[in-house]
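Written out below as structure tokens is the structure these notes cover.
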Amino acid sequence: MTDLVQPDRLAKAQAMRAAGVDPFPARGVEATPIASIAAHAGDSANPGAMVGQRVTIAGRLAMPRDFGKLIFAPLSDRTGRIQVGLKRDALSEWWPQRKWLDAGDLVGVSGEVGFTQKGELTVWASEVQLLAKALASPPEKWHGLVDVEARYRRRYVDLWATEGVLETFVKRSKIVSSVRRFLEAQGYLEVETPTLHPIFGGATARPFVTHHNALDADFYLRIAPELYLKRLIVGGMERVFEIARNFRNEGISTRHNPEFSMLELYEAQADYRRMMEISEQMLESIAREVNGTTKVTFRGVEYDLKAPFARVSYTQLFREQNGCEFDDQPAVRKRAKELGLDESAGYWKLMNDVFEATCEKLLTGPVFCVDYPVPICPLAKKKPEDPRLAERFELFLGGMELGNAFTELNDPQDQEQRFVEQVATKDPEAPGEVDVDYVQALEYGMPPTGGLGIGIDRLVMVLTGKDSIRDVLLFPALRPQRNVVEGEATEPA
RNA sequence: GGGCGCAUAGCUCAGUCGGUAGAGCAGCUGGCUUUUAACCAGCGGGUCGUAGGUUCGAGUCCUACUGCGCUCACCA
């Protein structure tokens, strides 16, 4: 046990055992969801069908108010909260056991649905059953958990002790389910591809490395599922999507977690224009389903997710903000110097740094920024009418990148050449070797294909109005903490 | 990785000029049959994040470390 355990609660549990009552019984109770009781209870002036019915509810007890021969306490389950009323006269046999109850305990209560004199919906208990004793006391009753670290480390407390937290994660679940419904309605197939990759690719990011003992081989945790999903397009699956957990060994911030969820989808016979349509239609549809409106407020600004979204050209925006063409190397280098950017990297990274420094903040959105220079798009097809540019877009909202898509490069020779160039950079964020198997897949022929990636966590941030990715991840990444268990040797550091 | 900030009771927070460690909630005891953060009376509860330093004396000042938050950079 840890120092969280309250001695008086432990003493109660021991007293219960001594009296033959199990503080941690093996069986639960068959309970009615609280929300379904409240939904059919009406009010004291106009009682609904539930009033007068005997029900059983189960959940966590909070804030008991003890009047000596009468106790009121709210009881919460996953669907809602309702008051229970415990009267001595209705619980004569059980009544002495009330002293074993504490705020935070998990209990089952059976009784008649009714109201109090003040009109509060109440289950008047005729039977009370402790389902699990809380040996640790719940957080302070009206502030809840406010210490941010404690909230993230002990999400299992935060979920019921902090207002709105459960609702956020219920909504996250609905968003993911809405994504699936939207895509399945369009004939998409949900697939699962490997998380352990022998070569990392599909994005530029530092990977996590792990080792398989039996194969005696290193693997990378995937930074993107992209190259496997496109192999499935070669295989004829034609419309596939995956909601993939990706891993990137990079910084942690309010917009970044080392493991995050990305929706990637690929559609044969489509191109990036179709990906724009599907993006805006999907976002509008999800917003309507989970929020009932296309209006969202993110970081204090209201946006409308109603399709169609605006389109803005990368190179045109670059020209407007910097007074030079994106491929005018002397002019762009001069501009980078003015902006005080790090010039040690290659030209194209520098050019993109100039773009991000001068243009990205203008992309409040929702807006598609389209047609990126080819050298920063190693997996995208060139535009037929301008081979300097790739058919790629990024979707922005509130200056934050929500999605990335392109018309997929399906020319194996071109792809091999771009892989070779990537490997030659020796960049730790670029693959260390050419993915020959992927090139071979393309050699069998991949139809014209559009692909799209959308950051699920960021989408949830937008649709729930949360500023930090940690507020939409149940267990955000934190530095590991050493907890000491009683009786365990504490080793010197 | 850089900058700024925070760390005191189970929880939320005070702590003045460096001079005996405080409150509310939670807990315990007693009272109370209609509360909504119930109320009334009483009681218990602390390695002030860790380690050094300055000082007669440190929760308070200084240094380092640890953890967390915000922010900048990178990334989605």
Side-chain angles (χ1 to χ4, degrees), chain A residues 2-12 44 62-74 81-90 99 102-104 114-122 124 134-154 157 161-162 202-207 223-224 244 246-264 340-342 345 349 352-353 356-357 394-396 400-404 427-429 453-459 461 467-470 476 478-482 493:
Chain A
T2 73
D3 54 6
L4 222 54
V5 167
Q6 301 288 298
D8 44 276
R9 287 175 182 246
L10 195 58
K12 288 177 189 179
S44 54
M63 295 186 288
R65 298 180 281 275
D66 186 343
F67 290 82
K69 298 184 185 66
L70 168 71
I71 301 168
F72 288 116
R81 165 181 283 220
I82 196 169
Q83 175 165 272
V84 294
L86 314 180
K87 290 185 195 174
R88 186 191 63 177
D89 296 348
K99 294 285 182 191
D102 286 299
F115 294 95
T116 63
Q117 290 170 9
K118 296 262 171 69
E120 174 85 9
L121 182 62
T122 299
W124 293 105
L135 295 178
S137 63
E140 208 263 4
K141 65 182 172 191
W142 65 79
H143 292 99
L145 260 189
V146 295
D147 175 46
V148 184
E149 180 186 357
R151 288 191 45 221
Y152 297 149
R153 285 202 193 277
R154 296 216 252 268
V157 176
T162 309
T204 49
R206 287 170 198 259
I223 58 171
N246 292 341
F247 303 84
R248 299 189 183 175
N249 204 341
E250 287 167 349
I252 296 177
S253 80
T254 48
R255 273 151 298 209
H256 300 92
N257 197 65
E259 50 181 304
F260 66 101
S261 297
M262 179 125 95
L263 165 68
E264 284 206 10
L341 297 173
D342 174 17
K349 171 155 173 33
N352 199 40
D353 287 348
E356 284 174 6
E394 291 194 338
L395 169 59
F396 286 89
M400 179 170 78
E401 189 186 337
L402 263 187
N404 182 19
D427 186 335
E429 296 188 355
I454 288 185
I456 291 289
D457 313 288
R458 290 182 173 184
L459 177 62
M461 286 168 69
D467 289 351
S468 172
I469 197 168
R470 290 179 182 140
L478 297 172
R479 199 174 293 272
Q481 193 186 41
R482 215 186 124 71

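Residue numbers begin at 1 in each chain, while the letters A, B, ... track the order of the sequences.
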**Request:** Consider the side chain of A:Y152, meaning its heavy atoms from C-beta on, and name the nucleotide among B:rU34, B:rA76, B:rG69 that approaches it most closely.
**Result:** B:rG69

**Asked** Taking for each residue the nucleotide of RNA chain B bearing the nearest heavy atom, is the 5' side occupied by A:P139 or by A:F115?
**Response** A:P139

**Request:** Identify the two heavy atoms, one from A:E264 and one from A:G453, that lie closest to each other, and give their separation to 0.1 Å.
**Result:** CG-CA, 4.1 Å

**Item:** Near-parallel close stack of A:F260 and B:rA76 base (under 5.5 Å, under 30°)
**Value:** yes

**Asked** Whole-Å distance between B:rC74 C1' and A:E356 CD?
**Response** 9 Å

**Fill in**
Under a 3.5 Å limit on both distances, the Watson-Crick or wobble mate of B:rG18 is none

For nucleotides 26-31 of chain B, give me every protein contact, N/O to N/O, under 3.5 Å, one pair per line with atom names.
residue, atom, partner, partner atom, Å
B:rA26, OP1, A:K141, NZ, 2.7
B:rG27, O3', A:D8, OD2, 3.3
B:rG27, O2', A:D8, OD1, 2.8
B:rG27, O2', A:D8, OD2, 3.1
B:rC28, OP1, A:K12, NZ, 2.4

**Request:** Compare every heavy atom of A:A73 with every heavy atom of A:P64, then report the nearest pair and how far apart it is.
**Result:** CA-CB, 3.7 Å

**Prompt:** Counting any heavy atom closer than 4.0 Å, what does A:E259 reach on the DNA or RNA strands: base, sugar-phosphate only, or nothing?
**Reply:** nothing

**Message:** I need the CZ-C1' distance between A:R255 and B:rA76, as an integer number of Å.
**Reply:** 11 Å

**Request:** List in chain and number order the residues that pass side-chain contact (heavy atoms from CB on, under 4.5 Å) with A:A244, two or more places apart in sequence or in another chain; answer none if no residue qualifies.
**Result:** A:R222, A:P225, A:E242, A:N246

**Request:** Please work out if A:M262 contacts a base, only the sugar-phosphate, or nothing of the nucleic acid, heavy-atom cut-off 4.0 Å.
**Result:** nothing

**Asked** Counting side-chain heavy atoms from C-beta on, which of B:rU33, B:rA76, B:rC68 comes nearest to A:R153?
**Response** B:rC68

**B:rU50 versus B:rG44 - spacing of their C1' atoms, nearest Å** = 28 Å

**Message:** I need the NZ-P distance between A:K349 and B:rC74, as an integer number of Å.
**Reply:** 6 Å

**Request:** Please report, rounded to the nearest Å, how far the P atom of B:rC39 is from the CD1 atom of A:I71.
**Result:** 16 Å

**A:Q83 side chain, from C-beta outward: closest of B:rU36, B:rU33, B:rA37** = B:rU36

**Message:** Rounded to whole Å, how long is the line connecting atom CE of A:M400 with atom P of B:rC74?
**Reply:** 17 Å

**Prompt:** What are the two closest heavy atoms between A:I82 and A:L121, and how far apart are they?
**Reply:** CD1-CD2, 3.8 Å

**Over all atoms of both residues, closest heavy-atom pair of A:D102 and A:K12** = OD1-NZ, 2.6 Å

**Message:** Would you say A:T254 places a side-chain N or O within less than 4.0 Å of OP1 or OP2 belonging to B:rU71?
**Reply:** yes

**Message:** Output the rounded distance in Å from CG (A:D467) to C1' (B:rG69).
**Reply:** 14 Å

**Item:** Gap between atoms CD1 and P, on A:I252 and B:rG69 respectively (whole Å)
**Value:** 8 Å

**Fill in**
All heavy atoms of A:E250 vs all of A:R206, minimum pair found to be OE2-N, 3.2 Å

**Asked** A:E120 CD to B:rU33 C1': how many Å, rounded?
**Response** 17 Å

**Prompt:** So, the side chain of A:D457 versus the backbone of A:S261: is there a donor-acceptor pair under 3.5 Å, distance only?
**Reply:** yes

**Request:** Work out which heavy atom in A:A136 is nearest to a heavy atom in A:R9; give both atom names and the distance.
**Result:** O-NH1, 3.6 Å

**Item:** Residue A:S468, side-chain heavy atoms: nucleotide from B:rU34, B:rA38, B:rC70 that is nearest
**Value:** B:rC70

**Message:** Checking base pairs now: Watson-Crick or wobble, both atom distances under 3.5 Å. What partners B:rC70?
**Reply:** B:rG3

**Prompt:** Base, sugar-phosphate, or nothing: which does A:E250 touch, judged by heavy atoms less than 4.0 Å apart?
**Reply:** sugar-phosphate

**Prompt:** Base, sugar-phosphate alone, or nothing: which one does A:G68 contact when heavy atoms must sit under 4.0 Å apart?
**Reply:** base

**Prompt:** So does A:R470 get a side-chain nitrogen or oxygen closer than 4.0 Å to the phosphate oxygens (OP1/OP2) of B:rC70?
**Reply:** yes

**Prompt:** Paired with B:rU12 by Watson-Crick or G-U wobble geometry, both distances under 3.5 Å: which nucleotide is it?
**Reply:** B:rA23

**Prompt:** Hey, does A:N257 reach any base, or is it just sugar-phosphate, or nothing, if we go heavy atoms under 4.0 Å?
**Reply:** base

